[in-house]
S.K.: 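Structure incoming, see below.
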Amino acid sequence: MSTVAVHRDDVGSKIGMWLFIFTELLLFGGLFIVYAVYRYKNPVAFHLAGEELDVTVGTLNTVILLISSATVAMSISAVQYGNKRATLSYLLITILLALFFMINKYFEWSGKFGHGMYPGSEKLTELGQGEVLFFGLYFAMTGLHALHIIIGVTILLIMLVRIMNNKINKTYFVQLENSGLYWHLVDIIWIFLFPLFYLIS
Amino acid sequence: MSNSHNQESSYLDYKGRFKGIFAWIFSTDHKRIALLYLYSIATFFIVGALLGLAMKLELIAPGKTIMEAKTYNGVFTLHGITMIFLIVIPGLPAVFGNFLLPIMIGAKDVSFPRLNLLSWWVYIFGAAVAISSQFLGNGPPDTGWTFYAPYSFRTTTNMLPAVLGAFILGFSSILTGLNFIVTIHRMRAPGMSWLKMPLFPWALYGTAWIQLLATPIVGITLLMIVAERTLHIGFFDPTLGGDPVLYQHLFWIYSHPAVYIMILPAMGVISEILPTFARKPIFGYKAIVVSTLLIAFIGYFVWGHHMFTAGMSGTAQFAFSFLTFLVAIPSAIKVFNWIATLYKGSIQLKTPFYWAVSFLFVFMIGGLSGLVLGSLATNVHVHDTAFVVAHFHFIVFGGVGYAFFAALHYWFPKIYGKMYDEGWANTGWVIFFMGFLILYLPMFVLGIMGMPRRYFDYVDEFSRLNIVSSLGAILMIFGLIVIILNLVRSARYGKTAMANPWGGPTLEWQISSPPALENFNEIPVVSKDPYDFSNVKLG
Amino acid sequence: MDNKDNTHIVKYRTYLFVLITLIVFTFISVAITGIQLGKLAVVGALVLASFKSSLVLWYFMHLKYENQFLRLMVGLVLFVFIAVLIVTFFDYSFQ
Amino acid sequence: MITSNLSNLARGVDTAFIVILSVIFFFLIGLTVVLIIFILRYRESKNPVASQIHGNNKLEIIWTVIPLLIVMAMFYFGWTGWKPMDSAPPDDAFEIETTARMWKWSFKYPNGKRLDTLVIPAGKPVSLNMNSLDVIHSIYIPAFRLKKDINPGSERNAWFIANTPGIYDLFCTEYCGLEHSSMISSVKVLSADEFESWYADSVSETHIAVKTEVSASSRGKQIVQQLGCNACHSADGTKIVGPSYLGVFGHEVTVIRDGKTVTVTADEDYIRRSILDPNFEIVEGYNKGLMLSYEDLLSDEELDLIVEYIKSLN
């Protein structure tokens with residue numbers, strides 16, 4: 001009699017995670033297509049609208065995300081070495097950096113809202129159509145990205161708890177790897193969002 | 001493990017942690033999930049078919065016959081949404097893919113059984129959200145299933161639930177596809193190399209990739225509609241600077257490959273049935289595998305042929321027409337291979353075979369009429385007319401529907417361990433087939449004459465053919481009733497089926513009917529080609 | 001089923017090195033936009049972004065250490081996306 | 001039906017049709033016959049033992065290459081037949097401003113004539129400069145093999161030469177809402193001479209002809225019907241897309257103006273405002289942006305008649 005063994009396939013679940021990441025990439029891909037087309041049709045308006053965004057804040061956030069991406073990768077090395085403390089610290093740094101990113105984002109958005117720039121606002125509609133499209137895309141894309149950060153932080157927090165409970169350990173860490181993959185995805189998307197909105201002006 | 005024990009623990013009788021209906025809706029067994037999908041899809045299908053009948057009755061004569069224009073517009077929208085998003089897209093993969101994929105590759109389940117159950121729950125949730133649009137405040141949505149901008153921003157009807165429902169259903173589709181890809185990569189039985197895999201799993205593999213790579217695009221597009229309607233972010237509305245044609249691009253980037261999500265598994269089913277009943281291997285196995293992958297790939301780049309009148313650049317029209325003709329080739333290869341499979345066979349004339357052969361016939365009509373639509377000059381004349389509706393129904397209803405019924409009869413003994421009544425099954429098939437042709441063939445002519453689609457009312461010159469078409473619809477519904485009643489009755493009272501009633505060569509026929517909870521006592525070791533009939537025993 | 005095909009442990013030093021490269025390139029791309037390059041600015045920024053994201057894919061996401069299949073699939077997905085973008089522009093750039 | 005030669009576009013389209021339909025029927029009939037022969041000849045009772053054939057590479061190559069050549073030929077015919085539709089109109093083309101709006105066509109001629117059917121001369125290039133005021137519409141004249149979507153926010157051109165005088169159907173083929181199927185009109189092709197005299201006659205058909213009815217209110221009713229207003233507004237109190245005409249005149253109406261709720265009396269001015277600037281104030285419970293101004297489509301006289309009609313519904 002064969003007992004119903006718990007089916008475990010780490011490689012399989014990693015492939016599954018990658019496939020999920022593909023769908024996420026294409027989800028943003030749809031928005032990138034829209035961005036590309038409207039930028040092509042309204043080059044001047046996009047240029048001018050891009051100047052309204054603060055490059056310093058954007059750069060800071062880029063660096064924050066890059067570091068957080070590196071630390072989450074390091075936490076995986078740490079778990080492979082069997083160093084629980086290091087794993088936890090790297091993960092904690094990642095989460096703190098993500099929160100820092102969100103705080104930055106909050107001030108950036110509320111600044112825009114304070115100036116009466118939000119989707120459907122009168123000030124926005126008074127600007128040209130190109131500007132309306134630019135800010136529409138800006139809010140949609142960075143908003144969707146921020147949503148992914150929130151989901152990512154939640155997942156990383158769950159990982160933190162699971163490492164503390166030794167559910168994730170030297171021999172079983174595919175969940176941490178997958179969470180890491182998700183976090184890098186968030187990073188990659190930002191790597192493109194940053195120049196497209198803040199730099200090309 | 002003794003045989004009697006094996007019989008007792010068939011997946012249908014298995015008693016798990018939960019009782020009654022909960023033993024089904026919380027089961028992670030791929031076979032039970034497949035049946036959950038089957039019953040939900042069958043329910044929606046009956047609704048969708050009745051909506052279709054209502055439309056044909058409305059069109060039986062010019063002017064108002066049984067409903068108002070407003071109702072009619074709501075009916076064709078709901079017909080489209082249910083048929084496309086709730087039935088044909090999930091249809092074959094979710095029902096027969098779920099049931100058979102693990103068995104055909106010699107696995108005990110899919111890679112992520114819980115995710116599989118989640119897909120079904122997401123499906124039901126999405127369906128509930130989509131259907132709720134019919135009953136909320138401002139009345140049923142009336143945009144057609146394509147949700148074209150900017151009309152979808154202007155209509156006051158309940159667009160949001162319909163669009164969100166479609167978005168949620170996309171998730172279900174993605175999760176199923178993801179699950180299948182990993183399953184095929186990781187869980188094939190020892191010895192089953194890629195080229196020893198049967199063609200239905202191959203088709204599901206191609207389909208899964210399209211589900212994975214195309215669905216997110218429509219997902220984000222639908223979200224953009226939601227954002228535009230609720231937050232007034234300008235994406236596609238020209239008053240906000242948007243470009244309505246861009247919406248069409250994004251919509252068809254998904255929705256054309258979606259046609260291949262529908263038809264590839266259907267082709268896979270036919271590639272299983274024909275060899276079994278001809279008792280010989282499929283002709284040109286490798287060619288069919290390659291054409292499956294080619295269809296999946298090229299199919300991604302032909303979406304523009306839905307937009308030849310929309311105002312694209314001449315270059316784009318040229319490129320899209322060219323690519324569209326290219327994608328016809330792999331489909332043609334498959335048809336030739338299927339017909340050649342029958343050559344020098346020893347054909348058993350059973351119900352699944354009738355369905356498969358009638359599939360070939362209607363698929364040829366559907367595919368060949370697609371050439372008219374791929375060609376620029378002729379497309380312009382018949383675009384957005386009854387011709388497109390006829391072509392589309394020949395491919396989607398003719399293709400997927402026939403394959404679905406073929407699959408249902410073919411694997412019925414395996415799923416239920418009972419035989420259907422052959423006399424009634426054949427009667428149902430004949431009535432349905434006749435009704436189908438009488439319903440849709442006149443619409444080709446109507447389209448060439450110039451009758452636009454989505455018309456509640458029409459000018460008198462179209463009335464004769466519309467009467468014929470509507471009568472065909474009534475006949476076809478009769479056929480459906482016979483088919484469905486026969487199957488429902490047989491699932492309960494049919495004769496007990498043998499393990500391998502047709503003499504099929506693939507793995508699912510080598511285990512008991514219905515299969516045990518974990519399919520195989522021992523994971524089989526595969527050494528033969530999938531369609532090797534040398535040691536196949538009937539019974 | 002083998003679960004052990006990925007036992008490679010990446011050294012902290014490697015990550016640190018990649019991170020520094022990424023940050024340097026971020027500042028380079030910011031600096032580049034200071035110069036008026038016109039259309040080249042778009043191309044330049046995108047090339048840099050692609051380079052940075054490849055680093056993330058290759059090292060942080062362990063593609064370097066994964067099997068051939070995954071790399072192939074990542075390539076395929078990127079190819080499909082870029083091809084879709086190009087085909088869409090068959091319409092817009094010839095209007 | 002299949003060859004009409006009624007316009008300059010028809011020839012190329014119909015050639016493509018003939019080529020493609022011939023290929024279709026050849027393959028459909030041929031393959032079906034082969035299929036039936038195989039089924040009859042190789043059924044179990046006739047051929048009890050199947051030959052285990054796995055494939056044939058030569059055949060595979062043949063039936064890949066031949067269809068490839070055939071589809072390329074079809075592609076070529078489709079492309080050449082379509083090219084004239086994509087070309088710019090000739091300089092001497094007769095230009096007509098074409099406006100599509102929810103459920104009504106409007107054609108405006110260079111001399112100011114405006115009507116809801118398209119009247120054109122035979123044998124002369126006609127160029128339609130097309131605009132849509134609300135959603136996507138699509139002009140479709142089956143007899144001329146002409147079809148082009150009209151997207152709001154951008155002008156599109158369609159040009160053609162009609163060959164034979166007569167009356168032909170004109171449809172909207174892009175689904176555009178409630179009364180999509182009644183957004184139909186016709187094309188009247190006149191011989192060059194007839195057209196000249198029709199065009200010079202400034203009295204006839206400059207506006208939607210309202211001559212036969214007697215009372216002002218019933219003339220107003222006729223205009224309302226012709227403009228397609230009834231698609232959104234009922235005369236019996238039913239709530240459709242917009243408010244009903246019934247019992248509006250002279251009564252208090254709660255409207256939203258500039259985001260504020262105000263009560264106004266529905267007088268003649270109110271009705272005129274609602275037609276000419278529909279989004280200035282919106283009756284409570286209805287949505288903004290669905291109706292567009294009818295300023296260009298109505299004369300003052302016609303507007304008065306409509307007001308009379310609405311007054312009569314009290």
Side-chain angles (χ1 to χ4, degrees), chain A residues 1-42 45-46 49 118-122 124-125 127-141 143-144 147, chain B residues 1 5 107-113 115 170-171 173-175 177-183 185-187 208-209 211-224 227-228 230-243 245-247 249-250 253-254 517-518 520-523:
Chain A
M1 288 288 287
S2 65
T3 49
V4 182
V6 177
H7 173 72
R8 178 180 156 189
D9 177 9
D10 290 357
V11 176
S13 51
K14 224 192 295 174
I15 295 176
M17 190 64 206
W18 270 100
L19 295 176
F20 181 70
I21 282 175
F22 295 161
T23 68
E24 289 276 17
L25 282 174
L26 285 155
L27 189 82
F28 277 94
L31 282 167
F32 278 112
I33 292 174
V34 175
Y35 176 92
V37 167
Y38 287 152
R39 183 179 174 86
Y40 181 81
K41 293 181 89 174
N42 310 283
F46 269 54
Y118 51 88
S121 76
E122 269 179 41
L124 198 54
T125 29
L127 297 167
Q129 294 192 323
E131 275 88 350
V132 175
L133 292 173
F134 179 89
F135 281 105
L137 283 165
Y138 165 77
F139 284 116
M141 291 175 91
L144 191 62
L147 183 70
Chain B
M1 194 179 275
H5 182 94
K108 294 193 169 184
D109 207 321
V110 291
S111 272
F112 310 114
L115 197 66
F171 262 102
S173 182
I174 287 174
L175 293 180
L178 187 155
N179 218 335
F180 284 3
I181 293 178
V182 179
T183 307
H185 272 279
R186 300 293 300 169
M187 312 229 352
W209 273 106
Q211 283 175 305
L212 211 62
L213 298 188
T215 319
I217 306 255
V218 81
I220 193 70
T221 312
L222 295 174
L223 280 189
M224 283 189 254
E228 186 146 6
T230 53
L231 303 172
H232 303 286
I233 300 184
F235 287 118
F236 307 118
D237 193 339
T239 52
L240 294 169
D243 177 5
V245 179
L246 183 59
Y247 172 80
H249 274 297
L250 290 169
I253 287 175
Y254 165 71
L517 180 68
E518 293 213 309
F520 302 95
N521 294 332
E522 267 172 52
I523 293 296

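In what follows, chains carry the letters A, B, and so on, assigned in the order in which the sequence lines appear, proteins first and then strands, with residues in each chain numbered from 1.
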S.K.: Determine, step by step, whether B/Leu178 and A/Trp18 satisfy the side-chain contact (heavy atoms from CB on, under 4.5 Å) criterion, reporting the C-alpha distance in whole Å, the side-chain angles of both residues, the deciding distance to 0.1 Å, and the verdict.
M.R.: CA-CA 10 Å; B/Leu178 187 155; A/Trp18 270 100; over 6 Å; no
S.K.: Could you tell me which portion of A/Val34 (side chain, backbone, both or neither) has an atom closer than 4.5 angstrom to a non-hydrogen atom of chain B?
M.R.: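 Both parts, backbone and side chain.
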S.K.: I'd like to know which of A/Tyr38, A/Phe139, A/Phe22 tops the heavy-atom pair count under 4.5 Å against chain B.
M.R.: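 Looking at each option in turn, the highest pair count goes to A/Tyr38.
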S.K.: With a 4.5 angstrom heavy-atom cut-off, which part of B/Tyr254 approaches chain A: side chain, backbone, both or neither?
M.R.: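 It is neither, since no heavy atom gets under 4.5 Å.
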S.K.: Pick one of side chain, backbone, both or neither for B/Phe236, based on which atoms fall under 4.5 Å of a heavy atom in chain A.
M.R.: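 Looking at B/Phe236, backbone and side chain both touch chain A.
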S.K.: Check the surroundings of atom CZ in A/Phe32: do more than 12 heavy atoms from other residues, nucleotides or ligands lie under 6.0 Å from it?
M.R.: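 Enclosed: over 12 neighbouring heavy atoms sit under 6.0 Å from CZ of A/Phe32.
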S.K.: When only pairs under 4.5 Å are counted, which of A/Leu133, A/Leu144, A/Leu137 shares the most heavy-atom pairs with chain B?
M.R.: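 Ranked by heavy-atom pairs under 4.5 Å with chain B, first place is A/Leu133.
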S.K.: Between A/Leu25 and chain B, which part of the residue has a heavy atom less than 4.5 Å away: side chain, backbone, both or neither?
M.R.: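 Nothing of A/Leu25, per the 4.5 Å heavy-atom cut-off to chain B.
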S.K.: Which bit of B/Thr183 comes within less than 4.5 Å of chain A, counting heavy atoms only: side chain, backbone, both or neither?
M.R.: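 For B/Thr183, there is no contact with chain A at all, as no heavy atom is under 4.5 Å.
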S.K.: Calculate, to the nearest 0.5 Å, the distance between atoms CD1 and NE2 belonging to A/Ile33 and B/His249 respectively.
M.R.: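 With rounding to 0.5 Å, CD1 (A/Ile33) is 10.0 Å from NE2 (B/His249).
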S.K.: Measure distances from B/Leu213 to the heavy atoms of chain A and classify the residue's part below 4.5 Å as side chain, backbone, both or neither.
M.R.: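 Backbone plus side chain of B/Leu213, per the 4.5 Å heavy-atom cut-off to chain A.
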S.K.: Hey, what do you get for CG (B/Leu250) to CG (A/Leu31), rounding to the nearest 0.5 Å?
M.R.: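 Rounded to the nearest 0.5 Å, the CG-CG separation comes out at 9.0 Å.
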S.K.: Which one, B/Ala227, B/Gly242, B/Gly219, leads in non-hydrogen pairs under 4.5 Å with chain A?
M.R.: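 Most heavy-atom pairs within the cutoff with chain A belong to B/Gly242.
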S.K.: Which region of B/Leu212, side chain (C-beta onward) or backbone (N, CA, C, O), has a non-hydrogen atom less than 4.5 Å from a non-hydrogen atom of chain A, or is it both or neither?
M.R.: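 When you check distances to chain A, atoms from both the backbone and side chain of B/Leu212 fall under 4.5 Å.
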S.K.: Could you tell me the separation between the CD1 atom of B/Ile217 and the CG atom of A/Leu26, rounded to the nearest 0.5 Å?
M.R.: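 One gets 5.0 Å once the value is rounded to the nearest 0.5 Å.
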S.K.: Measuring heavy-atom distances to chain A, does B/Leu175 have an atom under 4.5 Å in its side chain, in its backbone, in both, or in neither?
M.R.: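 B/Leu175 has no heavy atom closer than 4.5 Å to chain A.
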S.K.: Among the options B/Ile181, B/Ile253, B/Thr221, pick out the one with the most heavy-atom pairs lying under 4.5 Å from chain A.
M.R.: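 Option with the greatest count: B/Ile181.
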S.K.: Relative to chain B, which segment of A/Phe20 carries a heavy atom at a distance below 4.5 Å: side chain, backbone, both, or neither?
M.R.: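 Contact with chain B is through both the backbone and side chain of A/Phe20.
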S.K.: So which residue, A/Gly29, A/Ser13, A/Ala45, ends up with the most heavy-atom pairs under 4.5 Å with chain B?
M.R.: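 Option with the greatest count: A/Ser13.
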S.K.: How long is the straight-line distance from CD of A/Gln129 back to CG of B/Asp237, given to the nearest 0.5 Å?
M.R.: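 These two atoms lie 9.5 Å from each other.
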S.K.: Could you report the tightest heavy-atom contact between A/Gly136 and B/Phe235, atom names first, then the distance?
M.R.: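 Result for this residue pair: O-CZ, 4.3 Å.
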